[in-house]
Amino acid sequence: MLGQALGLSDAEFEALQGEYFASPLFNEKEKAVLAWSEAMTLNTAKRDKAVWEELRRLFNEAEIVEISMACAMFNMINRLNDSFRTELESEEYNRRQHGAVGVTAQALEDYACRICSEDLKRCT
């Protein structure tokens, strides 16, 4: 649901289920983040030099920390929910809530710009 709220298309969701790295729907930065997130999730990041080098080429240290922390947080939430056999809301329920959250790509960008003084200059 969050992806849809942020504007991901059905085609992008479909590409994420397969070979996203070959899809023209994602730019090089997005592909690098997806590859890094996948490596973190599979616990192969430490051994995957190519993925690390690409991330370092495209992002600064602060951005890499932010990307990694977001990935780690969602991995933790998923592992807890799986371990505790948490019954999640139905897809129908989430679809009804879609507009209620008020999360947009612009709102997230505005928030990120407020908390990161380095990026603040770039955002204004």
Side-chain angles (χ1 to χ4, degrees):
M1 292 291 114
L2 180 60
Q4 288 173 328
L6 295 175
L8 285 177
S9 69
D10 289 341
E12 289 169 319
F13 279 114
E14 188 175 318
L16 289 170
Q17 299 303 311
E19 297 182 359
Y20 63 84
F21 49 86
S23 174
L25 298 174
F26 303 107
N27 64 38
E28 70 175 345
K29 282 188 160 189
E30 292 167 331
K31 289 176 182 179
V33 168
L34 290 168
W36 180 247
S37 298
E38 185 174 51
M40 284 187 66
T41 300
L42 297 173
N43 202 23
T44 61
K46 185 177 181 179
R47 297 183 305 275
D48 199 331
K49 186 176 180 180
V51 170
W52 173 248
E53 295 291 332
E54 183 69 356
L55 198 69
R56 295 281 312 213
R57 183 178 75 82
L58 296 168
F59 297 97
N60 66 39
E61 289 179 0
E63 291 168 327
I64 292 171
V65 169
E66 290 291 326
I67 292 164
S68 300
M69 291 297 291
C71 180
M73 181 189 72
F74 281 101
N75 275 314
M76 179 199 65
I77 291 167
N78 287 336
R79 284 193 175 83
L80 286 172
N81 282 329
D82 288 348
S83 298
F84 295 144
R85 296 170 178 82
T86 304
E87 188 174 326
L88 303 177
E89 294 87 2
S90 68
E91 185 174 338
E92 177 187 335
Y93 175 85
N94 284 321
R95 288 198 188 287
R96 287 194 318 256
Q97 298 302 313
H98 176 72
V101 179
V103 176
T104 64
Q106 187 61 53
L108 288 176
E109 185 175 330
D110 292 345
Y111 174 74
C113 288
R114 283 195 311 269
I115 62 168
C116 182
S117 62
E118 181 177 315
D119 287 341
L120 184 59
K121 296 173 191 167
R122 192 172 21 164
C123 293
T124 55

Kindly write out the residues that satisfy side-chain hydrogen bond (donor to acceptor under 3.5 Å, both in side chains) with S9, not counting sequence neighbours, or none if the list is empty.
E12
Taking E54 first and then R57, would you say they form a salt bridge - that is, a charged N and a carboxylate O separated by under 4.0 Å?
yes
Non-neighbouring partners of R79 that pass salt bridge (Lys or Arg N to Asp or Glu O under 4.0 Å), sequence neighbours left out:
none
My understanding is that a hydrophobic cluster links ILVMFWY residues whose side chain heavy atoms are under 4.5 Å apart, including indirect links. Using that, what else belongs to the cluster containing L88?
none
So do the side chains of T86 and L80 get within less than 4.5 Å of each other, counting heavy atoms only?
no
Taken to the nearest 0.5 Å, the spacing of E63 CD from E61 CD works out to 11.0 Å
Under 4.5 Å side-chain heavy-atom separation, chaining through any Ile, Leu, Val, Met, Phe, Trp or Tyr, what else clusters with V51? Say none if it is isolated.
V33, W36, M40, W52, L55, L58, F59, I64, I67
In chain order, what residues pass the side-chain hydrogen bond (donor to acceptor under 3.5 Å, both in side chains) check against R85, with sequence neighbours excluded?
none
So, E53 side chain and A50 main chain: donor-acceptor pair closer than 3.5 Å or not?
no
Separation between CG of L16 and CZ of F26, rounded to the nearest 0.5 Å
4.0 Å
Would a 4.5 Å heavy-atom cut-off, applied to side chains only, mark F21 and L34 as touching?
no
Taking atom CE of M76 and atom CG of N81, what is their separation to the nearest 0.5 Å?
9.5 Å
Main chain of N27, side chain of E30: is a donor-acceptor contact present, judged purely on distance under 3.5 Å?
yes
A quick test of your reading: do over 12 heavy atoms of other residues, nucleotides or ligands sit less than 6.0 Å from CE of M69?
no
Residue list, salt bridge (Lys or Arg N to Asp or Glu O under 4.0 Å) with E19, at least two apart or on another chain
none
With rounding to the nearest 0.5 angstrom, report the CD to CG distance, E14 to L8.
13.5 Å
Going hydrophobic residue to hydrophobic residue with side-chain gaps under 4.5 angstrom, can you get from I77 over to F84?
yes
Testing the basics here: between S23 and A15, what is the closest heavy-atom pair and its distance to 0.1 Å?
OG-CB, 3.8 Å
